[in-house]
Amino acid sequence: MTIKIFNTLSGKKQPLEPVEPGHVRLYVCGITSYDYCHIGHARSALAFDMIVRYLRYRGLRVTYVRNFTDIDDKIINRAAEQQTTPEELAARFINEFYTDMDRLGIDRPDLEPKATEHIGEMIDLIAELIDRGMAYQSGADVYYAVNSFPEYGKLAHRNLDDMQAGARISVNEQKRHPMDFVLWKGSKPGEPTWDSPWGPGRPGWHIECSAMSRKYLGETFDIHGGGKDLIFPHHENEIAQSEGVSGKPFANCWIHHGFVTIRDEKMSKSLGNFLTIRDILTHYHPEVLRFFIFSTHYRNPLDFSETAMQDAAAGLERLYACVAQVDAIAREKSTDPEGRISTKDIETINAIEDRFLQAMDNDFNTAQAQAILFDLAKIINRLCTDLPAAAAAADIAILDRAAGTLKRLAAIMGLLREDAAAFLKGQKEKMLAGLDIDEERIEALIGERLACRAAKNWTRGDEIRDELLARGIELKDGPGGTTWSVRRS
RNA sequence: GGCGGCGUAGCCAAGUGGCUAAGGCAGUGGUCUGCAAAACCAUUAUUCAGCGGUUCGAAUCCGCUCGCCGCCUCCA
């Protein structure tokens, strides 16, 4: 089995063939740190977290680099608004970013370089571009000459003529070509500044990724990723810079994920429809967000709604309930000498992992992979339902192994990583918090109902059950007594 | 104007030439239960926006039409 990935550059799915066999080098564009992260950032971080976990699961070594843009116009402007320095602002939001990422259970990349710590590398790169006649100084700025790179537009699948027809390009007297972009910006008074051969200034946005990826991953590496909105101009410009200097292919494969939308519109600050990660996490467990995000293929748009999150929570709870059921098997009562689970069921269980890997090998199809997890959960549930009280040790072992497979595969998406009973209890408490009733009162009513039922006073017993149901609490009478859950509205 | 994507059941969402069109949520019938709930079993798209075409065969390929979205400016 080979891993196939959709490559934006070629427009096709292609087998992953690392430059160094067995070792994948991956660069992902991280955040510009000037504000709290929204669900779109979460999708990006989660998508690549899943990709890295999967590649490692498949036995590949991965070097994962994700940068921080900690100097840029937005940071400077926001710092001025908040009467602080760009350095302080950027550092603060990098910390906030880590808070969010940690809560989402996202593994840290291997390297997280910051732009401001690589000014020297950027200056070197710009100088090389000037030497090669691909960049020019104009006033206090340095620009990249797009005409010097004949393949400009190959990633976005456009050419310079198409783009100029758009005519949304601001006129800048200093540029030779309207599409030329800045590599080095002469600084204005009061702005952060670094010395350079072209005078004091700061780097343009695109050059940092070219400089840092070259330093940490080399001139040619395997995968470069980011959101679809980065295809043009950011990634196009990175290619122009990096290949302009090296004359070699930059990234062999480009992965771009889709947007998170709200009511089918892209989130944006101007529309006021963006939600921060921490907003979401006050209402939902991090794994619910993960489940939601991975319920759609990473390249497709994903529409956020309360309903979708409720559905995701219900689905995730179903998987957890399956694991909890296996955890709760009464092992000590095992006396059956012979297992009863059919060979057919065992074969189906054994085939799950291959099916899962096949789905994931196909451009990380997590939606399909989730469906396979549900197939496994369904079998486990059925076997548990049919399991006699004195189940055979062999059968219990099969169920334990199946539940282990479920958890192991789900963990690639960062799911089912908590103790099942604890997770379900947590969800229950979270939902209970939104209701006008507390646990003590519920237990008291259950106690009262138990007495009624013992006396076969079904009428009053049912009354209590209906009363609780009206307040959002569902009762379940099981062999081990009555338990309750919060009804999902 | 240029480029690209999408339109599959009540909702969400896989499937990109050929076994019965995955899975989740919601719904319905049944088993279980004093009655319920959960779980299980069964069931819910003869059909994949519409119209034409290619093919022995298409949701899947091609053309056109309609609708929605994104990029071309900072953006995950």
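Just so it is clear: chains get the letters A, B, ... in the order the sequence lines come, proteins before strands, and each one is counted from 1. Just so it is clear, the model here is predicted, and its values are computed rather than measured.
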Run the salt-bridge test on [X] and [Y] with the 4.0 Å N-O cut-off and return the result as yes or no.
X      : Y      : value
A:R449 : A:D477 : yes
A:E81  : A:R78  : yes
A:E429 : A:K425 : yes
A:D72  : A:R202 : no

Open item on the list: Check the orientation of A:Y54 and A:F364. Use parallel for under 30°, tilted for 30 to 60°, and perpendicular for over 60°.
Closed with: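 Because their plane-to-plane angle is over 60°, the rings of A:Y54 and A:F364 count as perpendicular.
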Open item on the list: Students often mix this up, so state it plainly: with edges at 30° and 60°, are the rings of A:F97 and A:F68 parallel, tilted or perpendicular?
Closed with: perpendicular
Open item on the list: Between A:T385 and A:I372, which residue's closest nucleotide on RNA chain B lies nearer the 5′ terminus?
Closed with: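 Residue closer to the 5' terminus by nearest nucleotide: A:I372.
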Task: Comparing A:A369 and A:A156 on RNA chain B - which has the more 5′ nearest nucleotide - done: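 Result of the comparison: A:A156.
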Task: Of all pairs that satisfy salt bridge (Lys or Arg N to Asp or Glu O under 4.0 Å), the ones with a partner from residues 298-312 of chain A, not counting sequence neighbours - done: A:R299-A:D363
TODO: Measure from the side chain of A:F374, starting at C-beta and using heavy atoms only, and say which of B:A76, B:C41, B:G24 lies closest.
DONE: B:G24
Open item on the list: Among B:C25, B:A76, B:G23, which nucleotide has an atom closest to any side-chain atom of A:R318?
Closed with: B:C25
In whole Å, what separates the [atom1] atom of [N] from that of [M]?
N     : M     : atom1 : result
B:G57 : B:G18 : C1'   : 6 Å
B:C64 : B:G70 : P     : 24 Å
B:A58 : B:C51 : C1'   : 15 Å
B:C66 : B:U55 : P     : 28 Å
B:A9  : B:G24 : C1'   : 13 Å
B:C32 : B:A42 : C1'   : 15 Å
B:A39 : B:U20 : P     : 30 Å
B:C72 : B:C62 : P     : 27 Å

Open item on the list: Side chains of A:T99 and A:R278, heavy atoms from C-beta outward: is any pair under 4.5 Å?
Closed with: yes
Open item on the list: For a 4.5 angstrom cut-off between non-hydrogen side-chain atoms, does A:T296 reach A:R43?
Closed with: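 Side-chain contact under 4.5 Å: yes.
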Nearest whole angstrom, please: distance from the [atom2] of [N] to the [atom1] of [X].
X      : N     : atom1 : atom2 : result
A:L275 : B:A76 : CG    : C1'   : 15 Å
A:L424 : B:A39 : CG    : C1'   : 14 Å
A:R382 : B:G30 : CZ    : C1'   : 17 Å
A:I262 : B:G70 : CD1   : C1'   : 16 Å
A:L373 : B:G24 : CG    : P     : 11 Å
A:K266 : B:C71 : NZ    : P     : 4 Å
A:D161 : B:C3  : CG    : P     : 12 Å
A:M267 : B:C69 : CE    : P     : 17 Å

- [ ] List the protein contact pattern of nucleotides 11-16 of chain B with one symbol per nucleotide (5' to 3'): B for base contact, S for sugar-phosphate-only contact, - for none; contact means a heavy-atom distance under 4.0 Å.
- [x] --SSS-
Task: Pair A:Q427, A:Y320: side-chain N/O donor-acceptor within cut-off below 3.5 Å - done: no
Task: Pair A:E443-A:W484, side-chain donor/acceptor within less than 3.5 Å - done: yes
- [ ] Both distances under 3.5 Å, Watson-Crick or G-U wobble: on that basis, could you give the dot-bracket string for RNA chain B, with [ ] for crossing pairs and | for other-strand partners?
- [x] ((((((((.[[[..)..(....]]].(((((.......))))).....[[[[[..)....]]]]])))))))....
Task: A:K4 NZ: over 12 foreign heavy atoms closer than 6.0 Å - done: no
Checking all strands, does [X] fall into the base, sugar-phosphate, or nothing category for heavy-atom contacts under 4.0 angstrom?
X      : result
A:G227 : sugar-phosphate
A:H256 : nothing
A:D375 : sugar-phosphate
A:F232 : sugar-phosphate
A:K378 : sugar-phosphate

Task: Polar side-chain contact A:R158-B:C71 base: donor and acceptor under 3.5 Å - done: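 For A:R158, whose side chain was compared with the base of B:C71, there is a donor-acceptor pair (under 3.5 Å).
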Open item on the list: Once rounded to the nearest 0.5 Å, what's the spacing between atom CG of A:N67 and atom CD of A:E208?
Closed with: 5.0 Å
Open item on the list: Looking at A:N381, I'd like to know whether one of its side-chain N or O atoms comes within less than 4.0 Å of OP1 or OP2 on B:A39.
Closed with: no
Under 3.5 Å between N/O atoms: give me all the protein pairs with nucleotides 32-36 of chain B, atom names plus distance.
from	atom 1	to	atom 2	distance (Å)
B:G34	N7	A:R453	NH2	3.3
B:G34	O6	A:R449	NH2	3.4
B:G34	O6	A:R453	NE	2.9
B:G34	N1	A:D462	OD1	2.8
B:G34	N2	A:D462	OD1	3.2
B:G34	N2	A:D462	OD2	2.4
B:C35	O2	A:R465	NH1	2.4
B:C35	O2	A:R465	NH2	2.5
B:C35	N3	A:R465	NH1	2.4
B:C35	N4	A:D477	OD2	3.0
B:A36	N6	A:D477	O	2.9
B:A36	N1	A:D477	N	2.7

Task: Selection residues 410-423 of chain A - residue pairs positive for side chain to side chain donor-acceptor pair (under 3.5 Å), sequence neighbours left out - done: A:H285-A:E418
- [ ] Using heavy atoms and a sub-4.0 Å distance, could you list which residues of residues 69-82 of chain A are near RNA chain B? By number, please.
- [x]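 Of all residues in residues 69-82 of chain A, the ones placing a heavy atom under 4.0 Å from RNA chain B are A:K74.
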Open item on the list: Suppose we call two aromatic rings close when their centres sit under 6.0 Å apart. Are A:F221 and A:F250 close by that rule?
Closed with: yes
Open item on the list: Out of the candidates A:L46, A:D49, A:L373, A:I293, only one should pair with A:M413 under the side chain to side chain contact (heavy atoms under 4.5 Å, CB included) rule; please name it.
Closed with: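 Of A:L46, A:D49, A:L373, A:I293, side chain to side chain contact (heavy atoms under 4.5 Å, CB included) with A:M413 is met by A:L373 alone.
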